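For reference, positions follow the sequence shown, starting with 1. All figures in this text were calculated on a predicted structure; none of them were measured in a lab.
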Amino acid sequence: MTAMIWSPFASEDEASLVARKLLEEKLVGCANIVPGVRSMFDWEGEIYEEGEVGVLFKTDNSLLDQAVARIEELHPYETPAIVGWQSDAAGVATGNWLGQLAGSKSGTSNKT
């Protein structure tokens with residue numbers, strides 16, 4: 001089963017550093033870095049609007065919690081927004097590809 005994680009960053013450089021680290025650690029198979037995200041949020045009672053860079057990480061469901069925790073460790077924000085979820089459906093090839101991540105972490109293959 002596949003999973004996705006979304007998190008905004010302040011810059012493409014910060015997003016790239018975290019994405020590369022998770023790819024190197026085999027916690028994700030892909031990170032789509034999306035510049036030009038306009039974020040509006042309530043922080044400590046004030047409404048803010050800022051430009052950010054969104055990242056959509058793709059992983060295997062068995063690695064979801066570990067990947068979310070690692071993003072939280074690496075993220076430069078004091079209170080980063082990190083949301084992960086299991087995918088309801090994925091292409092067979094995508095499931096097989098991301099399932100190989102789980103195999104690389106445990107020594108077995110976890111295909112959907």
Output yes when a side-chain donor or acceptor of [X] lies under 3.5 Å from a complementary backbone atom of [Y], and no otherwise.
| X | Y | answer |
| --- | --- | --- |
| Y77 | E72 | no |
| T59 | A3 | no |
| H75 | P8 | yes |

Can you measure from [atom1] ([X]) to [atom2] ([Y]) and round to the nearest 0.5 angstrom?
| X | Y | atom1 | atom2 | result |
| --- | --- | --- | --- | --- |
| D60 | L98 | CG | CG | 7.0 Å |
| E25 | Q66 | CD | CD | 8.5 Å |
| E14 | E52 | CD | CD | 10.0 Å |
| F41 | Y48 | CZ | OH | 7.5 Å |

Examine [X] and [Y] and state if one hydrophobic cluster contains both, with Ile, Leu, Val, Met, Phe, Trp and Tyr joined whenever side-chain heavy atoms are less than 4.5 Å apart.
| X | Y | answer |
| --- | --- | --- |
| L74 | M4 | no |
| L23 | V18 | yes |
| I33 | W6 | no |

* Establish, from distance only, whether the side-chain atoms of E50 and S39 form a donor-acceptor pair under 3.5 Å. =>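 Looking only at side-chain atoms, S39 and E50 do not form any donor-acceptor pair under 3.5 Å.
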* Test side chain to side chain contact (heavy atoms under 4.5 Å, CB included) on V53 and V34 and set out the steps. => CA-CA 6 Å; V53 175; V34 185; 5.9 Å; no
* To do: Please report the C-alpha distance between V28 and K58 in whole Å, then the side-chain angles of each, then the deciding distance to 0.1 Å, and finally whether the side chain to side chain contact (heavy atoms under 4.5 Å, CB included) criterion is met.
  => CA-CA 6 Å; V28 302; K58 298 177 189 96; over 6 Å; no
* For K26 and L101, which heavy atoms make the closest approach, and how far apart are they? ->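 Taking K26 first and L101 second, the nearest heavy atoms are O-CD2, 3.8 Å.
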* Please name the pair of heavy atoms, one in A15 and one in V55, separated by the smallest distance, quoted to 0.1 Å. =>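 Scanning both residues completely, I find the closest heavy atoms to be CB-CG2, 3.5 Å.
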* To do: Please identify each residue that fulfils side chain to side chain contact (heavy atoms under 4.5 Å, CB included) with E24, with sequence neighbours left out.
  =>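 E24 satisfies side chain to side chain contact (heavy atoms under 4.5 Å, CB included) with R20, K21 once adjacent residues are dropped.
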Show me, pair by pair, the donor-acceptor contacts under 3.5 angstrom made by side chains of residues 78-91, not counting sequence neighbours?
unit_1	atom_1	unit_2	atom_2	d
Q86	NE2	N61	OD1	3.2
S87	OG	T2	OG1	3.1

* **Test log, rule side chain to side chain contact (heavy atoms under 4.5 Å, CB included), inputs N32 and C30** => CA-CA 7 Å; N32 298 119; C30 178; 3.8 Å; yes
* **side-chain hydrogen bond (donor to acceptor under 3.5 Å, both in side chains) between D13 and S11, worked out** => CA-CA 5 Å; D13 288 343; S11 72; 5.2 Å; no
* Who are the salt bridge (charged side-chain N to carboxylate O under 4.0 Å, His left out) partners of E44, not counting sequence neighbours? ->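 Listed in chain order: nothing, the list is empty.
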* Asked: Once the angle between the rings of F9 and F57 is folded into 0 to 90°, is it parallel (under 30°), tilted (30 to 60°) or perpendicular (over 60°)?
  ->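 Judged by the thresholds at 30° and 60°, the geometry between F9 and F57 is perpendicular.
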